[in-house]
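Below is one structure, written out as structure tokens, with a few remarks after it.
We count residues from 1, following the sequence as given.
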Amino acid sequence: MTAETPVKSEAELVAEAEILSKALPYMLRYDDKTVVVKYGGHAMGDPALGRAFAEDITLLKLAGVNPVVVHGGGPQINAMLDRLGIKSEFAGGMRVTDKATVEVVEMVLAGSINKDIVQTIGEAGGRAIGLTGKDGNMVTATKIRRTVIDPATKVETEVDMGFVGDPQIVRTEVLDVMKKSEIIPVLAPICPGENGETYNVNADTFAGAIAGALGAARLLFLTDVPGVLDKDKRLIKELTRAEAQRLIEDGTISGGMIPKVETCLEALDRGVEAVVILNGKVAHAVLLELFTEHGAGTLITR
Ligand SMILES: Nc1ncnc2c1ncn2[C@@H]1O[C@H](COP(=O)(O)OP(=O)(O)O)[C@@H](O)[C@H]1O
Ligand SMILES: CC(=O)N[C@@H](CCC(=O)OP(=O)(O)O)C(=O)O
């Protein structure tokens, strides 16, 4: 205690202790369980929020949860492509990726963003290791087949996405070893193909494949909106499969929210207990969601 530390009354100290003890039932619920946290590029950028995120992940690990971080970086890839004068287009919320683009995507995701998150977790007192799907041959991919629906005409067209991959085989050995250790995995969605290709995998899709393979108790998507919004921009607190499909078809769910919601539905099919899409622009969003009664965002369950 320094001379400047304000002296707290006994009542204030007890109130603080009560807040901490309220986390106990949640800590028991997630003890030894895997929680996959997808950290979207739109939730990144503010250093204070980045530190709060790293603290939450470190705290989860110390509390006996098995957090696995999967990160994106769409806006950061856009900025680098712009600097290099490479044009980029999206179809159905995914980046159409040619050879030059995939090189930049790998550089940004596996390079600067991955190392930045690993370092910030390290500064928070955790021990993180950054990997891609290539490391330990963890996630291999095949070329994606993607059809896009035009909300106006309802016509479906197949789009050639170039080097965009769909996760095919997930080998969890490396993640299983990390679960038993103090190491927190931080994964970038870059995957090898069968014939020496490098595939750009959408980070939402990648997170879903990892959560499914690990039988995760929760899959959290941290983004820059409070959750899935309806036509009037109101938060939808719970979403069913049929409703999600209808909202994609009528265009209410568009852009980057499409792969997120599609992934949620697939992850539930693969045995993940529940998926939540929430606002990563709120400090300590992960801790609030898992360890308090103040869960926010859109919950998608089976
Ligand atoms: N119905 C919807 N509800 C909420 N967000 C939506 C909806 N439809 C489209 N979006 C868009 O999806 C974006 C989130 O996806 P994305 O840009 O891929 O973020 P991230 O980088 O976090 O993965 C939101 O910022 C919003 O612009
Ligand atoms: C195929 C595809 O769309 N890949 C994404 C990978 C990064 C990503 O998914 O980042 P966010 O989570 O921030 O959106 C891309 O190139 O932008």
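- Here the rule is side chain to side chain contact (heavy atoms under 4.5 Å, CB included) with Val164, and of Thr97, Asn202, Val201 only Thr97 fits it.
- The main-chain N or O of Asp32 is found under 3.5 Å from a side-chain atom of Lys179 such that the two form a donor-acceptor pair.
- With a 6.0 Å radius and a threshold of 12 heavy atoms from other residues, nucleotides or ligands, Glu10 has its CD atom at or below the threshold.
- Summarising the geometry, atom NE2 belonging to His42 is positioned 7.0 Å from atom OG1 belonging to Thr223; distances are rounded to the nearest 0.5 Å.
- One distance of note links CG of Leu60 with CE of Met27; it measures 9.5 Å at 0.5 Å rounding.
- A side chain to side chain contact (heavy atoms under 4.5 Å, CB included) with Ile184 holds for exactly one of Asn66, Ile129, Ile121, Val68; it is Ile121.
- Here the shortest heavy-atom pairing between Val170 and Ala213 reads CG1-CB, 3.6 Å.
- No side-chain N or O of Asp204 forms a donor-acceptor pair with one of Thr263 less than 3.5 Å apart.
- Remark: the backbone N or O of Lys33 is not paired with any side-chain donor or acceptor of Arg218 at under 3.5 angstrom.
- Note that CE of Met80 and CE of Met107 are 4.0 Å apart. Values are rounded to the nearest 0.5 Å.
- Note on Leu59: it clusters hydrophobically with Val69, by side-chain heavy-atom contacts below 4.5 Å among ILVMFWY residues.
- Nearest heavy atom pair, residue Lys143 against residue Gly162, reads NZ-O, 3.1 Å.
- Counting only distance, with no hydrogens or angles, the side chain of Thr298 and the backbone of Val228 share a donor-acceptor pair below 3.5 Å.
- When atom types are taken as modelled, the side chain of Arg95 and the backbone of Gly74 share a donor-acceptor pair closer than 3.5 angstrom.
- Nearest heavy-atom pair, Gly92 versus Arg146, reported as atom, atom and distance to 0.1 Å: O-NH2, 2.8 Å.
- With values rounded to the nearest 0.5 angstrom, Met138 atom CE is found 5.0 Å from Leu187 atom CG.
- At distances below 3.5 Å, at least one donor-acceptor pair connects side-chain atoms of Asp250 with backbone N or O atoms of Thr252.
- Atom CD of Glu156 is surrounded by more than 12 heavy atoms from other residues, nucleotides or ligands within 6.0 Å.
- Heavy-atom neighbours of Lys154 NZ from other residues, nucleotides or ligands within 6.0 Å: above the threshold of 12.
- In this structure, Ile277 and Cys264 approach most closely via the heavy-atom pair CD1-SG, 3.9 Å.
- For the pair Arg246 and Glu249, the salt-bridge criterion is not met [side-chain N within less than 4.0 Å of a carboxylate O].
- Here NZ of Lys231 is found 7.5 Å from CG of Leu247. Values are rounded to the nearest 0.5 Å.
- Both Val139 and Val272 sit in one connected hydrophobic cluster of ILVMFWY residues. Membership requires side-chain heavy atoms under 4.5 Å apart, directly or through other members.
- Here Ile144 contributes atom CD1 and Gln168 contributes atom CD; the two are 12.5 Å apart, rounded to the nearest 0.5 Å.
- Residues Thr205 and Pro167 form a side-chain contact, since some pair of their non-hydrogen atoms from C-beta on lies under 4.5 Å apart.
- Ala141 and Cys191 get closest at one heavy-atom pair: CB-CB, 3.7 Å.
- Within 6.0 Å of CZ on Arg171 lie more than 12 heavy atoms contributed by other residues, nucleotides or ligands.
- Among all heavy-atom pairs drawn from Lys8 and Glu12, the shortest one is CA-OE1, 3.4 Å.
- At a threshold of 4.5 Å between non-hydrogen side-chain atoms, the residues Thr198 and Lys134 count as touching.
- A tilted orientation is assigned to the rings of Phe163 and Tyr199, their planes being inclined by 30° to 60°.
- In summary, of the residues considered (Asn137, Asp135, Leu131, Ile183), a side chain to side chain contact (heavy atoms under 4.5 Å, CB included) with Val174 occurs for Leu131 alone.
- Cluster membership for Phe221 and Ile248, using ILVMFWY side-chain heavy atoms within less than 4.5 angstrom, is shared.
- Side-chain N/O atoms of Glu123 and Gln119 include a donor and acceptor closer than 3.5 Å.
- Residues Val35 and Ile117 are members of one and the same hydrophobic cluster, defined by side-chain heavy-atom contacts under 4.5 angstrom among Ile, Leu, Val, Met, Phe, Trp and Tyr.
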With salt bridge (charged side-chain N to carboxylate O under 4.0 Å, His left out) as the test, would you mind laying out the steps for Lys61 and Glu182 before giving the verdict? CA-CA 7 Å; Lys61 184 75 179 179; Glu182 58 186 308; over 6 Å; no
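- Environment of NZ in Lys115: crowded, with over 12 heavy atoms of neighbouring residues, nucleotides or ligands closer than 6.0 Å.
- Among Ile300, Leu220, Leu222, the one residue that satisfies the side chain to side chain contact (heavy atoms under 4.5 Å, CB included) test with Val276 is Leu220.
- Although no hydrogens or angles enter the test, the distance criterion places a donor-acceptor pair under 3.5 Å between the side chain of Thr292 and the main chain of Leu288.
- Proximity of a side-chain donor or acceptor of Asn114 to a complementary backbone N or O of Val186 within less than 3.5 Å is detected.
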